[in-house]
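Data first, discussion second: the structure below is written as structure tokens.
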Amino acid sequence: MKTVISISLIALLQSVAPAGGTTDDPLLRPIAPDYAKRWLMPEKPGRLFGNAYHVGFGGLSVGLIRTSAGLILIDGAVPQAVGDIEANIRALGFSIRDVKLILSTEPHYDHAGGIAALARDSGATVVASAYAARSLERGVIDPADPQAADLIPIPAITPIRIARAGVPIRLGDVSIMPVATPGHTMGSMSWRWTSCEGRSCRSIVFAASLNAISSDGYRFSDPANGTQLKAVRSSIATMRALPCDMIMTSHPEPELKGACRGYADMAAGRLNTRLRKEAGQ
């Protein structure tokens, strides 16, 4: 009885708390609130196509997929965004309790910081790559991450179901294909599925970040970081080759054209710019 009362009280507090998370719930404590403000620009939730919806923000994408057996959420933004994500889900006529799976693209605080609270509120199973799970399950930072010096720990997420590239994740009438896209983080995973409206069907990809960015002092061109650089290049090639009619990127790219191929070209251009800068050109 005590547990039920506690959970109900938390849910009530969340429902009346303003954006920014002002409760003392440890899973909702803001992470980098000043920096995150530019990501959390309000965005009206809505349908993308068929069973695919967006419930995120102007600078942080959060995807939603409707299936015959419940909802699938993709990413969870930062902890202080959880109340708004849940409100966006309600605005579409659903409930956070309808969410059965939460798919994670990467173990960085801007995409996974809110997952622990969303999993608790929904009772959903969290799904991530094996590499990402090592950080997510403890809420710790991977010391080998190019951005390690600038990252912030997140609320730990347990348990985690491990996704393997090429092995579909199924819920009801929807099958989602995990696509390994390491490089930005070595545990990054993108997600692809087919969405239909009548006889018209489209292949949709929720893409993990492909940006080769890092903390100061890290060089992708350093031979010691050759594995990371190879992973970024391989993931760009993977993204370019995907069957893909529509794309949602983990951070919205307003200038993006050409779905997955366009996203791959954008990432390749940014990588080449980074490598030229490292070479002093």
Side-chain angles (χ1 to χ4, degrees), residues 38-39 48 52 54 56-63 74-75 77 103-112 128-129 131-132 142 144-151 163 165-166 176-193 202-281:
R38 66 187 182 94
W39 292 327
L48 292 173
H54 65 87
F57 308 89
L60 273 178
S61 296
V62 181
I74 308 178
D75 275 352
L103 312 182
S104 174
T105 59
E106 66 180 62
H108 283 180
Y109 69 87
D110 49 337
H111 305 288
S129 73
Y131 193 105
D142 176 8
D145 193 300
Q147 298 181 69
D150 300 319
L151 296 176
I176 299 183
M177 185 66 71
V179 181
T181 46
H184 180 75
T185 81
M186 292 305 285
S188 292
M189 189 75 82
S190 298
W191 307 92
R192 180 173 64 85
W193 70 99
R202 297 181 185 179
S203 177
I204 302 179
V205 172
F206 191 106
S209 178
L210 298 180
N211 284 344
I213 57 177
S214 70
S215 301
D216 291 344
Y218 185 97
R219 293 171 58 85
F220 283 90
S221 56
D222 189 322
N225 299 323
T227 299
Q228 198 89 26
L229 178 58
K230 182 179 179 180
V232 175
R233 285 175 166 157
S234 177
S235 293
I236 289 172
T238 295
M239 187 63 59
R240 183 177 285 115
L242 283 179
C244 177
D245 300 307
M246 298 179 69
I247 188 171
M248 295 178 68
T249 55
S250 55
H251 286 283
E253 299 281 2
E255 299 180 5
L256 178 62
K257 297 179 181 180
C260 290
R261 179 176 290 274
Y263 186 47
D265 290 344
M266 178 181 287
R270 289 171 176 171
L271 175 61
N272 290 335
T273 298
R274 171 64 187 254
L275 293 176
R276 287 195 298 269
K277 181 178 179 182
E278 290 184 6
Q281 298 176 2

Considering all heavy atoms of both residues, which atom of [X] and which atom of [Y] are nearest to each other, and what is their separation?
X    : Y    : result
L256 : G262 : CD1-C, 3.4 Å
E278 : Y218 : OE2-O, 4.0 Å
D150 : Y109 : O-CE2, 4.4 Å
F206 : S61  : CZ-O, 3.7 Å
A52  : I204 : CB-CD1, 3.7 Å
V205 : M239 : CG1-SD, 4.3 Å

For [X] and [Y], indicate whether the former's side chain and the latter's backbone hold a donor-acceptor pair under 3.5 Å.
X    : Y    : result
S221 : L275 : no
D245 : S203 : yes
E106 : A208 : no
Y263 : L210 : yes
D75  : A77  : no
N225 : R219 : yes
S215 : Q147 : yes

### Message
Is it the case that the side chains of T273 and R276 hold a donor-acceptor pair, with the cut-off being a distance below 3.5 Å and no angle test?
### Response
yes
### Task
Decide whether S190 and T181 meet the rule of one side-chain donor and one side-chain acceptor closer than 3.5 Å.
yes
### S235/T238 under side-chain hydrogen bond (donor to acceptor under 3.5 Å, both in side chains): CA gap, chis, key distance, verdict
CA-CA 5 Å; S235 293; T238 295; 5.6 Å; no
Could you tell me the separation between the [atom1] atom of [X] and the [atom2] atom of [Y], rounded to the nearest 0.5 Å?
X    : Y    : atom1 : atom2 : answer
T185 : Y131 : OG1   : OH    : 8.0 Å
H54  : I74  : NE2   : CD1   : 13.5 Å
Q228 : H184 : CD    : NE2   : 10.0 Å
I247 : R192 : CD1   : CZ    : 12.0 Å

### Task
Could you please spell out the steps behind the side-chain contact (heavy atoms from CB on, under 4.5 Å) verdict for M186 and T227?
CA-CA 10 Å; M186 292 305 285; T227 299; 4.2 Å; yes
### Task
Hey, can you tell me if H251 and H111 have their rings parallel, tilted or perpendicular (30° and 60° cut-offs)?
perpendicular
### Query
Are R274 and S214 side-chain neighbours, meaning at least one heavy-atom pair lies under 4.5 Å?
yes
### Query
Does the side-chain contact (heavy atoms from CB on, under 4.5 Å) test come out yes or no for L229 and L271, once each step is laid out?
CA-CA 9 Å; L229 178 58; L271 175 61; 3.8 Å; yes
### Task
Look at atom CZ of R240 and say whether more than 12 heavy atoms of other residues, nucleotides or ligands are closer to it than 6.0 Å.
yes
